[in-house]
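Let me begin by presenting the structure, written as structure tokens, before commenting on it.
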2 protein chains.
Amino acid sequence: MVIHYKDKQYFTSKDLALSVIGGRWKIAIIWCLLHETPLRLSEIQKKLPDANQRMLIRQLRELEEDKIITRYVYPVVPPKVEYKLSEVGLLLEPVVTSICNFGDQFMQTIEHETDSTLVD
Amino acid sequence: MVIHYKDKQYFTSKDLALSVIGGRWKIAIIWCLLHETPLRLSEIQKKLPDANQRMLIRQLRELEEDKIITRYVYPVVPPKVEYKLSEVGLLLEPVVTSICNFGDQFMQTIEHETDSTLVD
DNA sequence: TGCAATACTGACTCTTTTGTCACTATGAAC
DNA sequence: GTTCATAGTGACAAAAGAGTCAGTATTGCA
């Protein structure tokens, strides 16, 4: 099975999935939109202060291209643009959740290690 | 909350998780080890023919460093080394599964798009 | 007139990640 | 003594990704 998507080849649907969620800020953006929606760019920026605007916009564009999020532009000045997860984007909820869970569990194993280092 | 791990700072456990699973072949390796274990390097190579040996070894080393996999060296010649998921590594099962599921669903949406393009 | 607010884009650099190639070690079998 | 198998390492090149900085547009308001 070979999947052709955006001029690239993927040999498994897993690889395709990874190409969609792989990006420094994508999981974080999706996480934000799962918790509060819709969000404006300026709001996402506040929630992810370590990402600079240019990066966020790029990641948002890619997510939009992949139809993970939708972008609605209000015809007003100054501009108002709202982002929300699409139906397909909502399918990422289990992915984000399981990553968060793993993160928590992994963090605990690190902490225990540190403890035992201190004890030793 | 700031997590210090391997000389880097992580602001959420989610970011920490991403640092552990982020790597061109890591999810694929974990997927393999979830389906069949233990595996030797040469066996993983056969399952992931697109990854070259050097890359696989690098990813395996990183996973080992993060204690996601264990590496057992048999004292024989020619060398025999077995890799398997650690207890912590097994916690990644939901992550891999949800990514696979999403990949399948995402693939279907692409296929439908292609259909409608053909129809239009 | 000029500044504020919002959501951008372009062009560039820097860093990280990935990929490639050549090379090593060991002992058994021929 | 040459060759095979396995699992590796080192050094480098190429590519991808991330980050930075300056700039744009619109309109209302002081």
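Letters A, B, ... mirror the listed sequences (proteins, then strands); counts begin at 1.
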### Task
Return the 5'-most residue of the pair G23(B), S42(A) with respect to DNA chain C, ranking by each residue's nearest nucleotide.
S42(A)

### Query
Rounded to the nearest Å, what distance is computed from the CZ atom of residue R40(B) to the C1' atom of nucleotide dA5(D)?
9 Å

### Task
Could you check how far CG of L48(A) sits from C1' of dG19(D), rounded to whole Å?
15 Å

### Query
Does a side-chain N-to-carboxylate-O contact under 4.0 Å join E82(B) and R71(B)?
no

### Task
Would you mind reporting whether M107(A) and I3(B) have side-chain heavy atoms less than 4.5 Å apart?
yes

### Message
In this structure, how many angstroms lie between the C1' atom of dA11(C) and the CE atom of M55(A), rounded?
### Response
16 Å

### Query
Nearest-Å distance, NZ (K46(A)) to C1' (dT6(C))?
11 Å

### Message
Quick check: is F102(B) connected to F11(A) through a chain of hydrophobic side chains (ILVMFWY, heavy atoms under 4.5 Å apart)?
### Response
no

### Query
With a 3.5 Å cut-off and no angle check, do the side chains of S98(A) and S98(B) form a donor-acceptor pair?
yes

### Message
Strictly below 4.0 Å: does N52(B) bring a side-chain N or O up to OP1 or OP2 of dT20(C)?
### Response
yes

### Message
Counting primed atoms plus P, OP1 and OP2 as sugar-phosphate and everything else as base, spell out the protein contacts along nucleotides 9-15 of chain D at 4.0 Å heavy-atom distance: B, S or - for each nucleotide, 5' to 3'.
### Response
BBB----

#### Entry: Rounded (10°) bend between the five-pair end axes of the helix from dT1(C)-dA30(D) to dC30(C)-dG1(D)
30°

### Task
Classify every nucleotide of nucleotides 23-30 of chain C by which part a protein heavy atom approaches to under 4.0 Å, writing B for the base, S for the sugar-phosphate alone and - for neither, in 5'-to-3' order.
---BS---

### Task
State whether R71(B) places a side-chain N or O below 4.0 Å from either non-bridging phosphate oxygen (OP1 or OP2) of dG8(D).
yes

### Message
Does the plane of the ring in Y5(A) sit parallel, tilted or perpendicular to the ring in F106(B)? Use 30° and 60° as the thresholds.
### Response
perpendicular

### Query
To the nearest angstrom, how far is Y72(B) atom OH from dA7(D) atom P?
14 Å

### Message
Could you check whether T97(A) and E93(A), counting side-chain N and O atoms only, form a donor-acceptor pair closer than 3.5 Å?
### Response
yes

### Query
Can a side chain N or O of Q59(B) be found less than 4.0 Å away from OP1 or OP2 on dT18(C)?
yes

### Below 4.0 Å: OP1/OP2 of dC8(C) and any side-chain N or O of Y83(A)
yes

### Task
Considering only NZ, NE, NH1 and NH2 on the basic side and carboxylate oxygens on the acidic side, decide whether K6(A) and D66(A) come within less than 4.0 Å.
yes

### Test: K47(B) and E36(B) ion pair at under 4.0 Å
yes

#### Entry: Short side-chain N/O contact to dG19(D) OP1/OP2 from W25(A), under 4.0 Å
yes

